[in-house]
Amino acid sequence: MTIRGCSGVVTETEAYQPDDPASHSFPGPTKRNAAMFGPAGHAYVYRSYGIHWCLNVTCGHGHGVLLCAGEPLEGLALMASRRGTSAPRLIETGPGRLAQALGVTDADYGRPFSAPDFFIDEGPPAKILTGPRIGITKAADWPRRYGLKGSRHLSRRFPSSV
DNA sequence: ATATCGATGCTCT
DNA sequence: GAGCATCGATATT
């Protein structure tokens with residue numbers, strides 16, 4: 001993951017699909033979720049609780065993946081200053097925190113992840129943990145939260161994570 | 001250590 | 001006008 005000079009490893013995601021009651025795409029295409037029904041591989045950004053920005057990767061046809069946490073690598077100082085903390089653990093652990101650290105706002109809405117300074121690439125094979133989702137009121141128990149096994153940079157621990 | 005609670009603005013009913 | 005895919009601070013074990 002590289003966003004305007006800041007890079008890191010995506011350590012945690014959540015998946016949403018159109019038949020998921022918790023998904024923003026559930027009610028069908030609207031003005032806000034338009035990007036989710038657009039082409040895959042683009043940014044879907046929304047404001048959460050009137051305060052935070054959250055960043056998703058569109059997968060086409062109303063599907064999307066929320067970036068929940070990451071491990072910051074390059075651009076650490078910039079991300080720390082944007083977050084107002086120097087604790088590496090607290091820079092990108094959480095959807096709102098991650099977007100804030102990367103400087104992502106609605107200005108990036110609909111932007112394709114295909115530019116040299118704005119992309120997400122595939123890392124080496126990794127063990128992935130699965131568990132119920134966090135912070136939602138509907139269908140929270142759907143096992144669509146995915147985390148990098150052994151990473152300290154997760155928004156929360158996974159249940160019975162070995 | 002966990003639990004609760006307020007802030008804040010936008011979307012959809 | 002309600003509800004929300006959050007965070008951080010404060011209160012309580």
Side-chain angles (χ1 to χ4, degrees), chain A residues 1 3 6 8-72 75-76 78-113 118 120 128-148 151-161:
Chain A
M1 173 176 71
I3 307 286
C6 297
V9 178
V10 178
T11 57
E12 180 184 339
T13 64
E14 284 181 7
Y16 293 87
Q17 56 181 296
D19 63 352
D20 176 355
S23 174
H24 287 177
S25 59
F26 182 67
T30 65
K31 180 173 182 180
R32 174 163 100 246
N33 65 26
M36 286 187 84
F37 290 92
H42 290 231
Y44 164 52
V45 183
Y46 70 95
R47 197 196 278 285
S48 174
Y49 289 84
I51 304 174
H52 310 282
W53 294 109
C54 293
L55 174 62
N56 300 246
V57 182
T58 65
C59 298
H61 302 94
H63 297 249
V65 173
L66 171 66
L67 302 185
C68 293
E71 176 179 353
L76 207 60
L78 178 56
M79 291 195 273
S81 76
R82 281 200 281 240
R83 286 278 305 117
T85 178
S86 58
R89 279 281 315 268
L90 298 178
I91 291 180
E92 286 187 341
T93 50
R97 292 167 175 170
L98 183 144
Q100 188 188 5
L102 295 174
V104 170
T105 68
D106 62 340
D108 294 306
Y109 188 97
R111 192 167 171 196
F113 287 102
F118 197 89
I120 298 175
I128 303 296
L129 303 172
T130 306
R133 295 178 292 185
I134 289 176
I136 56 178
T137 57
K138 290 171 263 185
D141 55 324
W142 288 28
R144 284 189 175 63
R145 177 175 175 241
Y146 307 104
L148 191 60
S151 176
R152 271 189 344 284
H153 299 261
L154 300 173
S155 58
R156 292 193 201 171
R157 293 203 100 67
F158 277 75
S160 67
S161 66

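What you see is a predicted model; the values in this text were computed from it and never measured. Chain naming here is simple, since letters A, B, ... match the order of the sequence lines and numbering starts at 1 in each.
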Both A:Tyr44 and A:Gln100 contact DNA chain C. Taking the nearest nucleotide for each, which residue is further toward the 5' end?
A:Tyr44

Assign [X] to base, sugar-phosphate, or nothing according to its heavy-atom contacts below 4.0 angstrom with the strands shown.
| X | result |
| --- | --- |
| A:Arg83 | sugar-phosphate |
| A:Leu66 | base |
| A:Gly50 | base |

Measure the CD1-CE distance between A:Ile120 and A:Met1 for me, rounded to the nearest 0.5 Å.
7.0 Å

Nearest of [options] to any side-chain atom of [X]?
| X | options | result |
| --- | --- | --- |
| A:Arg32 | B:dT11, C:dC7, B:dC12 | B:dT11 |
| A:His52 | C:dC7, C:dC4, B:dC12 | C:dC7 |
| A:Arg97 | B:dA7, C:dT6, C:dG8 | C:dG8 |

d([atom1], [X]; [atom2], [N]) in whole Å:
| X | N | atom1 | atom2 | answer |
| --- | --- | --- | --- | --- |
| A:Trp142 | C:dA5 | CH2 | C1' | 14 Å |
| A:Trp53 | B:dT8 | CH2 | C1' | 12 Å |
| A:Leu90 | C:dT6 | CG | C1' | 14 Å |
| A:Ile134 | C:dC4 | CD1 | P | 17 Å |
| A:Asp106 | B:dT11 | CG | P | 10 Å |
| A:Tyr16 | C:dC4 | OH | C1' | 12 Å |
| A:Tyr46 | B:dG9 | OH | P | 17 Å |
| A:His63 | C:dA5 | NE2 | P | 19 Å |

Within the structure, does a side-chain N or O atom of [X] lie under 4.0 Å from either OP1 or OP2 of [N]?
| X | N | value |
| --- | --- | --- |
| A:Ser23 | C:dA5 | no |
| A:Ser48 | C:dC7 | no |
| A:Thr30 | B:dC12 | yes |

Check the orientation of A:Phe113 and A:Phe118. Use parallel for under 30°, tilted for 30 to 60°, and perpendicular for over 60°.
parallel

Tell me, with the steps shown, if A:Ser155 and A:Glu12 meet side-chain hydrogen bond (donor to acceptor under 3.5 Å, both in side chains).
CA-CA 8 Å; A:Ser155 58; A:Glu12 180 184 339; 2.7 Å; yes

Any N or O donor-acceptor pair under 3.5 Å from the base of B:dA7 to the side chain of A:Tyr49?
no

Could you identify the nucleotide paired to B:dA3, looking across every strand shown and requiring Watson-Crick or G-U wobble geometry with both distances under 3.5 Å?
C:dT10

Pairing partner (Watson-Crick or G-U wobble, both distances under 3.5 angstrom) of C:dA5:
none

Knowing that exactly one of A:Leu67, A:Val45, A:Leu98 qualifies, which makes a side-chain contact (heavy atoms from CB on, under 4.5 Å) with A:Val104?
A:Val45

Strictly by modelled atom types, are A:Arg82 and A:Gln100 linked by a side-chain donor-acceptor pair under 3.5 Å?
no

What I want to check is whether the side chains of A:Thr93 and A:Arg89 have a donor and an acceptor closer together than 3.5 Å.
no

